[in-house]
There are 2 protein chains.
Amino acid sequence: MKFLSEENPDHQRTFEIINEGLSKKAVVVVVACCTVNYDGRARSKLGAGDRMVMIKSDGSFMVHQNINLEPVNWQPPKSNCSAVLKDGNIILEGSRRSPPERLQVVIHKTYVASYYNGKDNKDLELTGYEENMREMIFKTPDIIEEGFRPSTKEYPTSTGFIDVLGKDKNGNVVVLELKSRRAGINAVKQLKRYLDDFSDHKEFVRGILVAPSVTDDAAELLEGFKLEFKPLDPPREFGADKNLTLDFFSKTQDTKT
Amino acid sequence: MKFLSEENPDHQRTFEIINEGLSKKAVVVVVACCTVNYDGRARSKLGAGDRMVMIKSDGSFMVHQNINLEPVNWQPPKSNCSAVLKDGNIILEGSRRSPPERLQVVIHKTYVASYYNGKDNKDLELTGYEENMREMIFKTPDIIEEGFRPSTKEYPTSTGFIDVLGKDKNGNVVVLELKSRRAGINAVKQLKRYLDDFSDHKEFVRGILVAPSVTDDAAELLEGFKLEFKPLDPPREFGADKNLTLDFFSKTQDTKT
DNA sequence: CCATATATTTCGGCG
DNA sequence: CGCCGAAGTATATGG
């Protein structure tokens, strides 16, 4: 892998390193004292402080403070990023046309300037969210209840799309609202609204909230609306042909019991 | 500012640098070839590739690929982060108890290992969002319409909180739904639901969606529901005592006209 | 390109 | 600590 890293470069050198990195479509990482301004979807300013600035090869641009997972300021992928020397400072700018917005980082002192051109063709394999739940329910409907038969996914109503529509063993229409995480009152209200859209129908319609768990408020509300709750965790298995040799996941399993 | 950065350190040295950084409550930045596993709220795995790994002083832990603004894997602030040497690899782990989750980064080859202990006591000043709109409306209600008088913010209803409640010059009750960005049909539906909660009242109640703009669908829906739309941009002024000497914002203003 | 829905959302605020 | 709501949300997907 190609990379370059220099400590305490002067402005001229920092400027060279950043431009070299940008022109090589590398990932540029700079640790520096800087001020930051943003104008676009909102507007912000940030006084001088030590931060990490990163510009990725796709135009992602972010400024990280010492705390928080999220960058304090950023510019999304495909932003137009450039560096200029001006008035004895380095000015990094990232901008977009639509929506019109601009991020400006004024570098006062650089501690580390670096870039790297790494190889990474791996995609993340992720499991355990709502779509996985839906797949699982269509594959093994009995996990909802014995005799349940799903018919339609993303059934349209005037208020939105019903996650899963089906019938129970007695032929009653059943509306499922899926949540991959603990469900709150909003999930219950949403399910209620879907059912209200079925109120034209003379037939009885069941509404079931399917989620790992619900908040107390949500449970009360379910009761009040005569709706049901089916506890169900999203599946956590990866594709069959993909095995993980590390003992990481089995160990994690231990910690959770 | 204190910092340390080394190129191509061996595992032992990488291990030392990371631990030094962690113990000093510094921000640790490592560029390395690594594999990543996560198990907790969801579950994921990522094969070997070159990435940037950062651990902040508050326990924020992230792994960045060459593209995308968001880290491919992460662990939120207050995570318990540590490094161990095992089987000729360095294993970085970040974990939490609640919710139970664990992120593991196995480092195969380190290109740059570094940490820095930067000073940054500056808070971001941000303007142009929903709360600013509400403040502005209470300060100068006439921007909604002549004679409008707001009375309550976050007025509770059975379906949620009304952003702003007030009366017009004729004494009609007015419900405002605020959006700092372009409003879609969901904003309209929400406003409609709030109004329906007022349907017990015999008096006429107006509903106004206040936002910079609306989608075409939303505009149609407003018409159908006999609701109104008031175009209003969130204010973009900073607190009065805070001035920005840079010409950044005025320049941006130019680009937008 | 616009609009919708999900997210390991994160983050702040309140109880 | 859990819940709720907003976000410059980001990101994928469908029209």
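Sequence lines set the chain letters: A, B, ... in the order given, protein chains first and strands last, and positions in each chain run from 1.
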What integer number of Å spans the P atoms of dT4(C) and dT8(C)?
-> 22 Å
For the pair made of CG in Asn68(A) and C1' in dT9(D), what is the distance, rounded to whole Å?
-> 14 Å
Compare the aromatic ring of Tyr38(B) with the six-membered base ring of dT8(C) and state whether they stack according to the 5.5 Å and 30° rule.
-> yes
Taking DNA chain C as the partner, which of residues 207-218 of chain A come within under 4.0 angstrom of it by heavy atom?
-> none
5' priority, DNA chain D, between Thr159(B) and Arg181(B) [closest heavy atom] = Thr159(B)
Backbone of Ile137(B) reached by a side-chain donor or acceptor of Thr140(B) within 3.5 Å | no
Going by 5.5 Å between centroids and 30° between planes, is there a stack of Tyr129(B) over dA7(D)?
-> no
Secondary-structure stems, DNA chain C, at least 3 Watson-Crick or G-U base pairs under 3.5 Å = C:1-7 with D:9-15, C:9-15 with D:1-7
Please report the C-alpha distance between Asp58(A) and Ser60(A) in whole Å, then the side-chain angles of each, then the deciding distance to 0.1 Å, and finally whether the side chain to side chain donor-acceptor pair (under 3.5 Å) criterion is met.
-> CA-CA 6 Å; Asp58(A) 65 349; Ser60(A) 304; 2.7 Å; yes
Answer yes or no: is there an ion pair linking Asp39(A) with Arg236(B), defined by an N-O contact shorter than 4.0 Å?
-> yes
Verdict with supporting geometry, Arg51(A) and Asp120(B), salt bridge (Lys or Arg N to Asp or Glu O under 4.0 Å) = CA-CA 8 Å; Arg51(A) 286 129 202 171; Asp120(B) 185 0; 2.8 Å; yes
Shortest non-hydrogen contact between Arg181(A) and Pro234(A), atoms and distance = NH1-CG, 4.3 Å
Using the C1' atom as the reference point in each nucleotide, state the distance between dC14(C) and dG8(D) in Å, no decimals.
-> 25 Å
